[in-house]
Number of protein chains: 2
Amino acid sequence: MLDTTTPRRRTDTRKRLLDLAERSILAKGFASTSIDELIAGVGITKSGFFYHFKDKNDLARALLRRHLDHERAIMDELFRRADELNDDPLHGLLIALRLFAEMMAELEEVHPGCLVATLCYQDQLFDQTVHALNAESVLAWRRRFRARLDAVAKRYPPSEPVDLDALADMVSTIIEGGLVMGRALKDPSILPKQILLYRDLIRRSFAR
Amino acid sequence: MLDTTTPRRRTDTRKRLLDLAERSILAKGFASTSIDELIAGVGITKSGFFYHFKDKNDLARALLRRHLDHERAIMDELFRRADELNDDPLHGLLIALRLFAEMMAELEEVHPGCLVATLCYQDQLFDQTVHALNAESVLAWRRRFRARLDAVAKRYPPSEPVDLDALADMVSTIIEGGLVMGRALKDPSILPKQILLYRDLIRRSFAR
DNA sequence: GGCTTACTTTACCTTGGGTACAGTTCAGCA
DNA sequence: TGCTGAACTGTACCCAAGGTAAAGTAAGCC
């Protein structure tokens with residue numbers, strides 16, 4: 001990843017726009033985050049905004065790409081920590097899920113919510129590139145957990161047949177659903193609890 | 001000039017507005033469903049719209065209330081059918097979940113998505129009444145499934161302690177998450193599969 | 001025949017997402 | 001020291017969408 005933009009003056013305006021937009025979009029949604037509000041926040045003019053992003057869609061695209069990179073880094077680190085202490089795939093996965101639940105619980109306030117859902121439910125505001133990026137993000141989670149589940153199933157063949165893709169997708173399902181629930185009920189404890197229930201399902205699915 | 005085929009005076013205009021709005025909002029989101037589009041669709045003027053609803057929020061409120069009633073009726077009927085054939089609470093719940101998965105699978109195209117999430121992720125567009133209605137809808141699901149789970153746990157005491165509220169909330173979590181996933185991947189088969197996985201968790205949780 | 005319901009008509013306001021394009025400021029290089 | 005290009009500013013204007021305000025009108029009901 002090379003930094004192609006090495007501007008002279010305010011070198012971080014683009015980044016500050018992205019930061020502010022991310023916060024605002026997660027808090028209020030994309031449609032309700034106005035360009036006016038963003039430029040007021042970072043102290044530039046409307047023309048300045050359009051210098052950095054060709055339109056609002058372009059902003060969404062940049063935001064999503066950055067988010068995906070960040071998310072991947074966090075999950076890589078989480079699994080690294082989970083694998084550090086043992087080499088059993090099932091234990092590793094269970095530890096990772098516990099760490100993940102704890103991580104989600106530590107965000108004391110209601111979790112800002114996931115860009116995936118935010119983008120999904122405002123479909124027509126975005127172009128094909130944004131939709132593709134969104135889908136790719138979900139598929140990355142499927143691949144990550146599917147690989148883990150394959151390793152687990154190999155070591156601990158399940159007593160009943162299990163749909164491993166569906167089981168892998170359930171992670172994303174629970175995160176997205178848990179965030180919606182947490183938002184609807186204004187209760188941030190829901191998501192971590194749901195993750196632990198998923199952990200339970202994994203444990204029971206591969207128990208000897 | 002008078003158009004005799006479309007009488008000036010109709011009694012179902014409000015209903016037709018709600019129907020069209022529901023379809024449009026589920027397909028495109030609330031923010032992107034314009035009043036202009038709705039009035040063009042039902043053939044009235046803008047003032048006509050504001051005669052029926054004081055503003056867009058009022059439309060959302062009416063829509064949500066109608067949706068909640070409809071949803072409740074559907075679930076009542078589903079559980080009635082599930083209970084018809086047996087009187088074991090666990091079997092009844094498992095049958096209901098299978099029926100529910102089948103129901104979701106039968107909506108061939110990508111399911112329109114749930115109003116709860118749609119409303120959640122566009123928070124600031126709505127007032128307190130809408131948020132309260134939304135939360136109430138989720139709580140209704142919790143109560144419904146919590147009652148079922150209580151009956152199951154009474155008959156089949158779980159071997160390990162189970163958080164029954166979280167387990168009840170997991171239904172909503174999976175529906176909301178499954179819809180988001182289905183939308184992101186344009187794959188309507190995801191939600192039914194996730195519901196069946198949940199069914200599996202229930203089965204395993206109360207297995208003797 | 002009068003009241004109510006269900007609108008229409010006209011006119012105007014504000015916010016927000018742009019487009020267009022000319023001008024300005026400053027860092028770094030040659 | 002002056003030129004270039006990146007990062008903007010400023011001005012001006014367009015269109016869509018969500019309203020607001022208020023008067024008028026046609027049809028149905030008692």
Side-chain angles (χ1 to χ4, degrees), chain A residues 2-21 24-25 27-63 118-119 122-127 129-130, chain B residues 1-21 23-25 27-63 118-119 122-127 129-130:
Chain A
L2 55 156
D3 189 3
T4 50
T5 56
T6 30
R8 275 84 168 179
R9 285 153 65 198
R10 287 247 191 76
T11 57
D12 61 339
T13 304
R14 191 186 149 93
K15 185 185 174 301
R16 291 193 305 131
L17 272 174
L18 286 171
D19 289 344
L20 183 56
S24 187
I25 290 172
K28 316 193 302 175
F30 186 75
S32 306
T33 297
S34 71
I35 294 177
D36 283 355
E37 165 197 343
L38 298 178
I39 62 183
V42 304
I44 57 168
T45 63
K46 211 168 184 180
S47 308
F49 176 89
F50 287 106
Y51 169 77
H52 288 290
F53 305 100
K54 76 182 258 282
D55 55 21
K56 233 185 153 189
N57 234 301
D58 198 32
L59 171 71
R61 217 172 295 132
L63 218 42
T118 306
L119 299 190
Q122 293 171 53
D123 256 2
Q124 77 318 321
L125 293 177
F126 306 100
D127 60 25
T129 320
V130 173
Chain B
M1 47 172 176
L2 276 179
D3 189 358
T4 49
T5 60
T6 48
R8 244 183 125 86
R9 215 178 151 73
R10 280 182 288 241
T11 50
D12 61 339
T13 306
R14 190 187 151 94
K15 184 184 175 298
R16 293 193 307 129
L17 272 173
L18 286 170
D19 289 344
L20 184 57
R23 257 176 289 138
S24 187
I25 289 173
K28 318 192 303 175
F30 186 76
S32 306
T33 297
S34 70
I35 294 176
D36 283 355
E37 167 197 343
L38 299 178
I39 63 181
V42 304
I44 56 169
T45 63
K46 210 169 185 178
S47 306
F49 176 89
F50 287 106
Y51 169 78
H52 289 290
F53 305 100
K54 76 181 258 281
D55 54 21
K56 233 185 153 189
N57 234 302
D58 197 33
L59 171 71
R61 216 173 295 132
L63 219 41
T118 306
L119 299 190
Q122 293 169 53
D123 256 2
Q124 76 318 319
L125 292 178
F126 306 100
D127 60 25
T129 320
V130 174

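To find a chain, count down the sequence lines: A is the first, B the second, and so on, and within it residues start at 1.
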Item to complete: For salt bridge (Lys or Arg N to Asp or Glu O under 4.0 Å), just list the numbers for B:K15 and B:D19, CA-CA rounded to whole Å, side-chain angles, deciding distance to a tenth of an Å, and then say yes or no.
Response: CA-CA 6 Å; B:K15 184 184 175 298; B:D19 289 344; 2.8 Å; yes
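Two residues, B:K46 and A:D36, neighbour DNA chain C, and the one matched to the more 5' nucleotide by heavy-atom proximity is B:K46. Toward the 5′ end of DNA chain D lies the nearest nucleotide of A:S47, the other residue of the pair B:K54 and A:S47 mapping further downstream.
When heavy atoms are screened at a 4.0 angstrom cut-off, B:S34 is found touching the sugar-phosphate backbone but no base atom. Within 4.0 Å of B:S32, counting heavy atoms only, lies no atom of the nucleic acid at all.
Between the CD1 atom of A:I44 and the P atom of C:dT25 there is a distance of 18 Å, rounded to whole Å. Between B:F53 atom CZ and D:dG18 atom P the separation is 14 Å, expressed in whole Å. When rounded to the nearest whole Å, the span between CG of A:L17 and P of D:dC8 equals 9 Å. Distance, A:K56 NZ to C:dG16 P: 10 Å, rounded to whole Å. Taking atom CG of residue A:D58 and atom C1' of nucleotide C:dT19, one finds them 16 Å apart after rounding to whole Å. Atom CZ of B:F50 and atom C1' of C:dA6 are 16 Å apart (whole Å). C:dT4 atom C1' lies 14 Å from atom NE2 of B:H52, rounded to whole Å. The CD atom of B:E37 sits 8 Å away from the P atom of D:dA17 (whole-angstrom rounding).
Annotation: the terminal axes of the helix from C:dG1-D:dC30 to C:dA30-D:dT1 meet at 10°, where each axis is the rotation carrying the C1' atoms of four end pairs onto the next four (5 pairs per end, rounded to 10°).
Counting heavy atoms from C-beta outward, A:L18 and A:F53 have side chains that approach closer than 4.5 Å. A:L38 is not listed as a side-chain neighbour of A:I44, based on a closest heavy-atom distance of 4.5 Å or more.
Applying the side-chain hydrogen bond (donor to acceptor under 3.5 Å, both in side chains) test to every pair with at least one member in residues 49-59 of chain B, sequence neighbours left out, gives these pairs: B:D58-B:R61.
We find the CG-OG1 distance between B:L63 and B:T33 to be 9.5 Å, quoted to the nearest 0.5 Å.
Side-chain proximity of A:Y51 to C:dT8, C:dG17, D:dC8: nearest is D:dC8. Across D:dG19, C:dG18, C:dC7, the shortest atom-to-atom separation from the side chain of B:T13 is found for C:dC7.
Closest approach of A:V42 to A:R16, counting heavy atoms only: O-NH2, 3.2 Å. Across every non-hydrogen atom of B:S32 and B:E37, the tightest pair is O-OE1, 3.8 Å.
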